[in-house]
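Below is one structure, written out as structure tokens; comments come after it.
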Amino acid sequence: MQSITSGKPVSSPIEVKGFVSLKNGQILIGKVNKVFPDQTAEVQIGHQKMIANLEIPLRTGERYWFQVKQIEGGVVLKALDSPDLNVSGLKGTAAQLIAHLGMTPEPAATKLAEYLLTNRLPITKETFQSSLQWLKAADAAEAGLPVIKSMFNQQLPFVKDVFDALFTQSKGEPFHKLLSVFKQQLQDVGAVTRTAVKLMDVLDSLHVVKQNQLQQNGLQNLVATWLDPVSTPEMKSGAFSLLQKTGLIPKGITESVFLENLMDGAEARSGMAKISVIDKLQQGLQLLSGAKSGAFAKVEEIDTTIYRIFNDHDHLPADIHSIQRKNNSAEKLSPLAFHLLQSAFTEATAKKAIGGKIEVNDLIGYLNMDTEQIEESKGKVAELLFQSLNKLPEAQYVRLNEKLVLSHVLEAEFQTIDFTNGPCVAHQLKEMTKVLGLQLEHALINLSGDDMKEIQNDLETIKPLLLKLLNEQIPASIKEMAEQILNRITAQQILSQENGPIQNLLLTLPLNLGSIQTDLTLQWSGRKTKDGKIDPDYCRVLFYLELERLKGTVIDMQVQNRIINVTVINGHGAVLEEAASQYLDILRENLGKMDYRLSGVSFVKPVNEKERDLRVKPIRFSEAGSYSGVDIRI
């Protein structure tokens, strides 16, 4: 067997394509460019040329299979044989490679070998076997090949966890959709563990909208507005009126009559399931019903007994004691009934049942025992909210106090970031990265004794909670979705890495824009100063958004020596340019205050397939290449 010995020491490994190090056991193709009289030769491996010592003469211009062997003081390349690419072609060369590796010939192995050869990627038996195993397990092996290339190009750890993370990222499934579906699954099956309950709370903090959100939460929010002690009288009356329009509360009756009917029907409701809150409400309403028939001589006795029922929650407002205590008429008892409902509501919203479902649902069931009517009411609430949200003509028939309630509910359901306030946006984005758990490892590495209290907050974010959930007994569907989300978060961390003097950052965050959910994807790349800090003078930032009417939008901002140039890529470039013209002077002025100069803002349409893809699919750092001497490269 022929061999070539490199004159480079092991501490300075040979580079293939300028950035991939040769490692022991790799098999690759090299070409002998020149043979010199002193038994040395110039050998080219990929784009890298090296001077090697020849143990046995090789022929100039020939290609050879080389296997890397590291020995003390250098690297030995052992020539296996000539692949003869001109004769056998790619398939024949792939077959030779598989034979050299001692692998069983099969279509999947041939496909992988051809891909590695075509892209001139270094090959060892171990990496080939691992790659083949991962691709076979993936639901789309073809899509996994670029992921393998990314791992080589970026010199990432060649382990299954990294492959799984990048493979999930490569599918391009909207992140907000994954989170929404996951939350819906957790709610559908009930909170199987405490970890699942906590996960739902954290997902709520991201304002992740679930499917049919208006229908699921709208009725709850109307009841909440009606019973919430902090609601204004106008909001309370508007909410009660809307509840009548939905059919949950009968039309044509006053609030006092409804509360009186609720007291009269307390006995009929006694057969309902005894939930802590509902049980207390039941006792209180039965007490008030008895008071109507003279069972209590004084209202003070009713006050005392109601406080005893809710003795562990002092929720009843103090103004109960301002009620005139002359008799026990329905007019005097109905305010007590309403305060009793408020007290039950306050306790219901403060507690969660074992299934993780808010007990307000049980309270709604108590107000109207007709389950079919409740479902119909949910649909009507959703319709009213939809009309208000989209400013449909039907919305003009809603009264002013009802409009206030609908606006309040929509604001609660679709809380958004104020994009006109820069510090607010920065704060929200930082908070969202914390909630996802993207800073978990950093927090653990830099943990000190003084930070023990803070670390608990970091452990109650999505990533660590997912890791904990996966170690618990959960349904297969929940486990599969949890793994996908965990991989997406991990992929962001993997792709946010240092590359020479360049620091890359990738963030994909769920974003609510009114009633529309989308992803905000941000790719940032900037060089570092000599002391390792981020250089604010040079960077490039790309934003990707899928908007409701403008559709795919890419904003490319390049900063060179504090001079900023912005390009907006969108299919409606001319319309955007006209709309944005009135804000450019403000933008230029505000940037000037931060010692930046705006060079220009251009609006262009995507003109080719690559740019059309940009609208919905951000460039991967791996696809765009690594640092190779330029200041900025994405």
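Excluded from the calculations below are hydrogen atoms, water molecules and symmetry mates; all remaining heavy atoms, backbone and side chain alike, are included.
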Taking C-beta and beyond as the side chain, do [X] and [Y] meet within less than 4.5 Å on heavy atoms?
X	Y	value
Leu506	Trp524	no
Leu438	Leu507	yes
Leu186	Leu199	yes
Leu469	Ile478	yes
Pro250	Gln244	no
Val566	Val568	yes
Leu341	Leu262	yes
Gln523	Leu505	no

Under the side-chain contact (heavy atoms from CB on, under 4.5 Å) rule, collect the residues that match up with [X], sequence neighbours excluded.
X	result
Glu173	Lys177, Leu178, Arg488
Lys463	Glu441, Leu467, Leu486, Ile489, Thr490, Gln493
Val257	Ile253, Thr254, Asn261
Leu520	Leu429, Leu511, Phe543, Leu545

Any idea which heavy atoms bring [X] and [Y] closest together, and the distance?
X	Y	value
Ala337	Leu285	CB-CD2, 4.3 Å
Phe603	Ala580	CZ-CB, 3.6 Å
Ser237	Asn401	OG-ND2, 3.1 Å
Lys403	Val398	CE-O, 3.2 Å
Ala482	Leu470	CB-CD2, 3.9 Å
Leu436	Thr461	C-CB, 4.5 Å

Is the count of non-hydrogen atoms from other residues, nucleotides or ligands lying under 6.0 Å from Gln582 atom CD greater than 12?
->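 Result for CD/Gln582: enclosed.
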Heavy-atom count around Glu480 CD within 6.0 Å, excluding the residue itself: above 12?
->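 Counting neighbours around CD of Glu480, 12 or fewer heavy atoms of other residues, nucleotides or ligands fall under 6.0 Å, so no.
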In Å, rounded to the nearest 0.5 Å, how long is the span from [atom1] of [X] to [atom2] of [Y]?
X	Y	atom1	atom2	value
Leu242	Ile249	CG	CD1	10.5 Å
Leu219	Glu375	CG	CD	9.0 Å
Met557	Leu542	CE	CG	9.5 Å
Leu406	Leu222	CG	CG	7.0 Å
Ile485	Lys183	CD1	NZ	12.0 Å
Thr553	Leu576	OG1	CG	6.5 Å

According to salt bridge (charged side-chain N to carboxylate O under 4.0 Å, His left out), who are the partners of [X], at least two apart in sequence or on a separate chain?
X	result
Glu234	none
Glu431	Lys434
Asp370	none
Asp519	none

Passes side-chain hydrogen bond (donor to acceptor under 3.5 Å, both in side chains), Thr168 versus Gln484? Steps please.
-> CA-CA 6 Å; Thr168 303; Gln484 287 190 53; over 6 Å; no
Is a donor on one side and an acceptor on the other found under 3.5 Å between the side chain of [X] and the backbone of [Y]?
X	Y	answer
Ser377	Thr246	yes
Ser180	His176	yes
Glu460	Lys198	no
Asn570	Leu550	yes

With Asp228, which residues qualify under side chain to side chain donor-acceptor pair (under 3.5 Å), at least two apart?
->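 For Asp228 there are no side chain to side chain donor-acceptor pair (under 3.5 Å) partners, ignoring immediate neighbours.
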Listed by chain and number, what are the side chain to side chain donor-acceptor pair (under 3.5 Å) partners of Lys468, not counting sequence neighbours?
->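 Side chain to side chain donor-acceptor pair (under 3.5 Å) check on Lys468 returns nothing, list empty.
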For a quick check under 3.5 Å, do [X] and [Y] share a side-chain donor-acceptor pair by atom type?
X	Y	answer
Thr508	Gln492	no
Thr518	Glu546	no
Gln169	Asn487	no

Among pairs that include at least one residue of residues 236-256, which meet salt bridge (Lys or Arg N to Asp or Glu O under 4.0 Å), considering only residues two or more places apart or in two chains?
->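 Non-adjacent pairs meeting salt bridge (Lys or Arg N to Asp or Glu O under 4.0 Å): Lys245-Glu402.
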Check the pair Leu248 / Val223 against side-chain contact (heavy atoms from CB on, under 4.5 Å), numbers first and verdict last.
-> CA-CA 10 Å; Leu248 184 75; Val223 173; 4.1 Å; yes
Any salt bridge between Glu383 and Lys380, counting N to O under 4.0 Å?
->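 No salt bridge links Glu383 with Lys380.
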Please assess Leu587 against Val601 for the test side-chain contact (heavy atoms from CB on, under 4.5 Å), listing each intermediate value before the final yes or no.
-> CA-CA 10 Å; Leu587 175 62; Val601 179; 4.2 Å; yes
Does the pair Leu227 and Leu363 meet the rule for a side-chain contact (heavy atoms from CB on, under 4.5 Å), with working shown?
-> CA-CA 11 Å; Leu227 295 177; Leu363 184 59; 3.8 Å; yes
Scan for ring pair (Phe, Tyr, Trp, His ring centres under 6.0 Å) pairs involving residues 233-267, sequence neighbours excluded, and state none if there are none.
->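 Counting only pairs at least two positions apart or across chains, the ring pair (Phe, Tyr, Trp, His ring centres under 6.0 Å) contacts touching residues 233-267 are Trp226-Phe240.
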Take Leu203 and Leu179 through the side-chain contact (heavy atoms from CB on, under 4.5 Å) test and state the conclusion after the steps.
-> CA-CA 8 Å; Leu203 289 170; Leu179 294 171; 3.9 Å; yes
